[in-house]
Number of protein chains: 2
Amino acid sequence: MAGKVAERRAALRENLVLIAERTIAQQGLSALRARDLASEAGCAVGAIYNVFGDLTDLVLTVNARTFHRLGADVAEALADAPQDPVEQLVIMAQAYHRFAAENHLAWRALFDVERARGEAAPDWYLEEMGRLFTYIADPLAVIFPGRAPDEHALLTRALFSSVHGIVLLGLDQASSGVPTEDIDRMIALVLRQFTASAK
Amino acid sequence: MAGKVAERRAALRENLVLIAERTIAQQGLSALRARDLASEAGCAVGAIYNVFGDLTDLVLTVNARTFHRLGADVAEALADAPQDPVEQLVIMAQAYHRFAAENHLAWRALFDVERARGEAAPDWYLEEMGRLFTYIADPLAVIFPGRAPDEHALLTRALFSSVHGIVLLGLDQASSGVPTEDIDRMIALVLRQFTASAK
DNA sequence: CCGTATAACTGAACTATGTTCAATAGAGGG
DNA sequence: CCCTCTATTGAACATAGTTCAGTTATACGG
């Protein structure tokens with residue numbers, strides 16, 4: 001029987017990803033342990049290293065899926081949004097917030113992976129990020145028609161970073177619990193105020 | 001001789017903080033190791049635990065100092081700034097960026113400490129953050145005189161978070177190296193645009 | 001100045017973690 | 001059916017933070 005090995009490997013891989021995804025979502029990145037993973041998957045610890053180079057590889061795989069779901073949520077919100085470009089920005093940003101709040105630990109894991117110094121970000125990360133940036137850049141082009149392309153790129157990145165910062169610090173425990181509504185208000189405040197003087 | 005013990009304890013404490021500070025600044029939080037620390041300080045590993053509850057305590061002490069230096073830098077920038085409140089915001093934000101860039105690993109350590117779930121942020125953190133917020137709130141009150149106090153608080157937090165997000169993602173390697181000037185441009189862009197329609 | 005109670009300091013040992021690799025088991029070809 | 005070769009296993013290794021019984025040093029009363 002050809003491919004019996006490859007088949008089992010693929011099944012194990014899938015299984016490990018699902019278990020890791022659930023663990024991260026429920027208990028956070030730091031709760032991911034090789035031995036627990038192996039025991040839940042019904043395999044030896046070493047088997048993990050036949051399928052993934054190390055645990056970081058596995059986490060990156062989970063992160064790719066998380067990031068993809070995030071992108072899909074934002075895209076869906078955009079699809080349902082009205083034509084007004086400012087409203088589109090607000091709705092997308094609030095969808096970002098909603099995803100981060102509802103998938104807090106998985107979302108945190110996106111940024112908490114130890115990136116080996118100097119190592120480039122994985123392709124899927126850059127692609128997904130590029131997609132998000134496009135969602136932002138399009139309404140921005142409508143709102144600020146007169147500006148140079150490089151300024152558009154800067155604006156896009158700046159607004160994404162701003163919303164990310166608001167959500168990050170807003171959801172952070174250390175900031176002693178900003179209510180969800182306040183986070184949405186801050187997002188709307190910044191985006192509306194930012195775009196208020198455009199025309 | 002009274003206090004000989006307390007004296008040595010204090011000296012060891014000081015020494016450990018300095019060594020930890022240097023290690024974090026030069027090699028990052030993850031390079032901080034109890035055994036290295038003890039060997040550099042010329043004491044036993046156990047001695048660290050006579051002075052600090054655990055390594056996180058030590059890191060928090062270093063972080064308090066880092067945060068204090070950060071606050072001082074921003075305050076200094078504000079003191080040298082012109083009267084114009086928008087300019088004041090821009091200059092403070094760029095000072096924040098400068099500090100983060102010049103003390104990258106120490107600055108990262110401020111946010112990378114594992115906070116035990118549910119544990120409150122330490123007092124010094126809240127105090128220093130409050131000071132930073134005041135620096136921001138004052139010019140904002142001049143720029144937006146008509147708004148309610150709770151909206152001012154929200155605005156303050158939103159702007160701080162936005163700048164933080166821009167600096168965070170800008171300095172992040174994964175974002176494939178945003179040039180320093182671009183970070184400053186994004187900061188100025190967001191703050192100027194945000195405040196442009198105020199009057 | 002000495003003896004004793006108290007406290008601090010030591011570092012080997014314990015626990016927990018990711019990772020490796022010699023030994024084993026099993027698949028696929030002849 | 002046997003043989004080879006590879007995938008799989010899990011005990012062992014490396015490296016962490018942390019603990020604590022034993023040791024050493026201090027402070028203080030007499």
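To find a chain, count down the sequence lines: A is the first, B the second, and so on, and within it residues start at 1.
The shortest distance between side-chain heavy atoms of Leu132(A) and Phe67(A) falls below 4.5 Å.
Atom-to-atom, OH of Tyr49(B) to P of dG11(C) comes out at 16 Å; the value is rounded to the nearest Å. Following rounding to the nearest Å, Leu12(A) (CG) and dT8(D) (P) show an atom-to-atom distance of 7 Å. Remark: C1' of dA12(C) and CD1 of Ile48(B) are 15 Å apart, rounded to the nearest angstrom. One interatomic measurement links the two molecules: CG of Leu58(B) to P of dG17(D), which rounds to 11 Å at whole-angstrom precision. If you measure from atom CZ of Arg35(A) to atom P of dT15(C), you get 14 Å, rounded to the nearest angstrom. What separates CG of Leu32(A) from P of dA16(C) is a distance of 17 Å, to the nearest Å. Remark: C1' of dC9(C) and CZ of Arg9(B) are 11 Å apart, rounded to the nearest angstrom. When the P atom of dT18(D) is taken as reference, atom CZ of Phe52(B) falls 13 Å away, rounded to whole Å.
Of the candidate nucleotides dT10(C), dT18(D), dG10(D), dT18(D) has the atom lying nearest to any side-chain atom of Ala34(B). Of the listed nucleotides (dG10(D), dC9(C), dT18(D)), dG10(D) has the atom at the smallest distance from the side chain of Val45(A).
At dC9(C), one or more side-chain N or O atoms of Asn50(B) fall inside 4.0 Å of OP1 or OP2 (strictly under the cut-off).
None of Val45(A), Asn15(A), Leu58(A) except one satisfies the side-chain contact (heavy atoms from CB on, under 4.5 Å) rule with Leu37(A); the exception is Leu58(A).
Taking CG of Asp73(B) as the reference point, atom CE of Met92(B) lies at 13.5 Å (rounded to 0.5 Å).
Taking 4.0 Å as the cut-off between side-chain N and carboxylate O, Glu40(A) and Arg22(A) count as a salt-bridged pair.
In this structure, Thr56(A) and Ala44(B) both approach DNA chain C, and ranking their closest nucleotides by distance from the 5' end singles out Ala44(B).
At a threshold of 4.0 angstrom between heavy atoms, the contacts of Arg33(B) are confined to the sugar-phosphate backbone, with no base atom among them.
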